[in-house]
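Below you'll find the structure, written out as structure tokens, and then a few comments.
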There are 2 protein chains.
Amino acid sequence: MTTGETATPPRRRDAAKTRRLLLDAAIQRFTRDGYAATTVRDIADDAGVNVALISRYFRSKEGLFEACLTSSVDDLRRNTGEAPLSRTPEAIARQIAGPCADGLPYHLVLLLRSSGDEAADRIRLGLLQSYGERLAAVAGWSPGSPGGDDLLLRAQVVLAAAAGIALLRTKSGLGPLAQATEEDLVPPLRDLVEALLKNG
Amino acid sequence: MTTGETATPPRRRDAAKTRRLLLDAAIQRFTRDGYAATTVRDIADDAGVNVALISRYFRSKEGLFEACLTSSVDDLRRNTGEAPLSRTPEAIARQIAGPCADGLPYHLVLLLRSSGDEAADRIRLGLLQSYGERLAAVAGWSPGSPGGDDLLLRAQVVLAAAAGIALLRTKSGLGPLAQATEEDLVPPLRDLVEALLKNG
DNA sequence: TTTTGAAGTCAACAATCGTTTACTAGAGGC
DNA sequence: GCCTCTAGTAAACGATTGTTGACTTCAAAA
């Protein structure tokens, strides 16, 4: 099927496509280099469009960053669904160890980046909260359950560990960790998840 | 002992003291806000000295950042010594859970910050490597030991987890994690360390 | 007391940042 | 065909960045 008749014909000037190009380029840059170290001109160059279009489509650099966060959050919710996570520590470990380029780790690293903006912080905190709760639910946690704070804390430790691993894996060329494949990482991470979440 | 006679009398103009003031202020800023988001004028204001003295004492902003890293690394080596870490998972967990303001977590967060400078990256990588090896030694690892890569990998996972926890604890107001005391955190972290390092 | 070198100050530098403005060019409706 | 929005461009804005050089001030040596 080469540009089927029902598919929208490629337009030379496509606002939606340009917006998406900017968003993708921004996510990559913000994830890799952080907010402050990233220039709007870098992003525009990566996307191959004019700098002024960032202000047009996203109002400002902070607006673009917020859009990146919500886009990443939507991706995450779409992939994992609203249902509770898979219940086996193996599956959770596999998610954490997954490909750096476009899995959970990738989104977690972006979530660690800070712009100093309040709205962005709320978005970030919202996802971390809900993700932690769903992780705790695997271990039998439910809202308001007795002694549940302990389970929630343990789930958030798992989350923090996942974030730290993703960050160290992509940013530093550290020893065996940076070159480790998914298969290398699953066994230790399964142990980690089990130790923290199976005591419930 | 109030400024004993042998102690150097307080000098109105003290290069060493000024240098130290700048270094301390820079470590705080770089740790909290990262490299790119921190301004040399911010640092100088915090230290209560003139901006130009940064270029004088540290040659440049990057030079100051390198000095922060080496200072932090020296602190870490001085506190933990050259000897292997305490062998009990309890003690390791306590180190990780320690006070955010000035313990291992504080130094780890600074180590996560990147300036894009090569020299700084080498310093960072050097400490992470040696710290990972000392952590692996607790589980019986030694340089060149058979199958030792697996142990080293597990130790680095512990290190990454510690870094992620420290980062999430100080930067985001996440759930019970951010407000957790050292006593709250030690039990789950002991489980984490045991699960990863006791399988050797 | 005079001299001298270091410690600290001040003001400006060029470069780069995010953002805005005025403008050109293209595509669909009449 | 023309007309009219809208997508995209180019150039500049003021603000802020890291850095530098000439200047002043202090303290110790002579």
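Chain naming here is simple, since letters A, B, ... match the order of the sequence lines and numbering starts at 1 in each.
With the nearest nucleotide of DNA chain D identified for both B:K61 and B:R56, B:K61 has the one nearer the 5' end. Heavy-atom nearest nucleotides on DNA chain C were determined for B:Y57 and for A:S60, and the one closer to the 5' end corresponds to B:Y57. Taking the nucleotide of DNA chain C with the nearest heavy atom to each of B:V49 and A:R59, the more 5' of the two is matched to B:V49.
As rounded to whole Å, 11 Å separates atom P of D:dT9 from atom CG of A:L22. As rounded to whole Å, 13 Å separates atom P of D:dA7 from atom CZ of A:F58. Distance CG (A:L64) to C1' (C:dC17): 15 Å, rounded to an integer number of Å. When rounded to the nearest whole Å, the span between CG of A:D45 and C1' of C:dG18 equals 14 Å. B:I54 has its CD1 atom 16 Å from the C1' atom of C:dA7, to the nearest Å. The CG-C1' distance, from A:L53 to D:dG8, rounds to 6 Å in whole Å. Whole-Å rounding puts the B:F65 CZ to D:dT17 P distance at 18 Å. Rounded to an integer number of Å, the gap from A:L21 CG to D:dG8 C1' is 13 Å.
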Please tabulate, one pair per line, each protein N/O and nucleotide N/O from nucleotides 25-30 of chain C that are separated by under 3.5 Å, including the distance.
from	atom 1	to	atom 2	distance (Å)
C:dA25	N3	A:R13	NH1	3.3

Report each atom pair, protein N/O against N/O of nucleotides 10-15 of chain D, whose distance is under 3.5 angstrom.
from	atom 1	to	atom 2	distance (Å)
D:dA12	N6	A:R41	NH2	3.3

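Not one side-chain nitrogen or oxygen of A:S55 sits closer than 4.0 Å to the OP1 or OP2 atom of C:dG18. For C:dA7, the OP1/OP2 oxygens have no side-chain nitrogen or oxygen of B:T18 closer than 4.0 Å.
Seen from the ring of B:Y35, B:K61 counts as a face-on cation partner, given the 6.0 Å and 45° thresholds.
Side-chain atoms of A:T31 come within 3.5 Å of backbone atoms of A:I27 as a donor-acceptor pair (strictly under, hydrogens ignored). In this structure, the side chain of B:T18 engages the main chain of B:D14 through a donor-acceptor pair within 3.5 Å. A side-chain donor-acceptor contact under 3.5 Å links B:T88 to the backbone of B:A91. A donor-acceptor pair under 3.5 Å is absent between the side-chain atoms of B:S72 and the main chain of B:C68, judged by distance alone. Remark: the backbone N or O of A:L196 is paired with a side-chain donor or acceptor of A:R154 at under 3.5 angstrom. Side-chain N or O atoms of B:S71 include none that pairs as donor or acceptor with a backbone N or O of B:A67 at under 3.5 Å. Between the side chain of B:R113 and the backbone N or O of B:R32, at least one donor-acceptor pair lies under 3.5 Å.
Applying the ring pair (Phe, Tyr, Trp, His ring centres under 6.0 Å) test to pairs two or more places apart or on separate chains, none has a residue in residues 149-182 of chain A. Residue pairs satisfying the side chain to side chain donor-acceptor pair (under 3.5 Å) criterion with at least one member in residues 160-183 of chain A, sequence neighbours excluded, are listed as follows: A:R94-A:E182, A:R94-A:E183, A:T181-A:D184.
A salt bridge links B:D121 with B:R124; the closest basic N to acidic carboxylate O contact falls under 4.0 Å. A salt bridge links B:D24 to B:R20: one of the charged nitrogens lies within less than 4.0 Å of a carboxylate oxygen.
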_Stepwise side chain to side chain contact (heavy atoms under 4.5 Å, CB included) test for B:L151 and B:L197_ = CA-CA 7 Å; B:L151 271 180; B:L197 258 38; 5.8 Å; no
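Residues from residues 113-124 of chain A lying near DNA chain D, meaning a heavy-atom separation below 4.0 Å, are absent. Of all the residues in residues 30-40 of chain B, B:T38, B:T39, B:V40 reach under 4.0 Å from DNA chain D with at least one non-hydrogen atom.
Between B:V158 and A:L192, the closest side-chain pair of non-hydrogen atoms is not below 4.5 Å.
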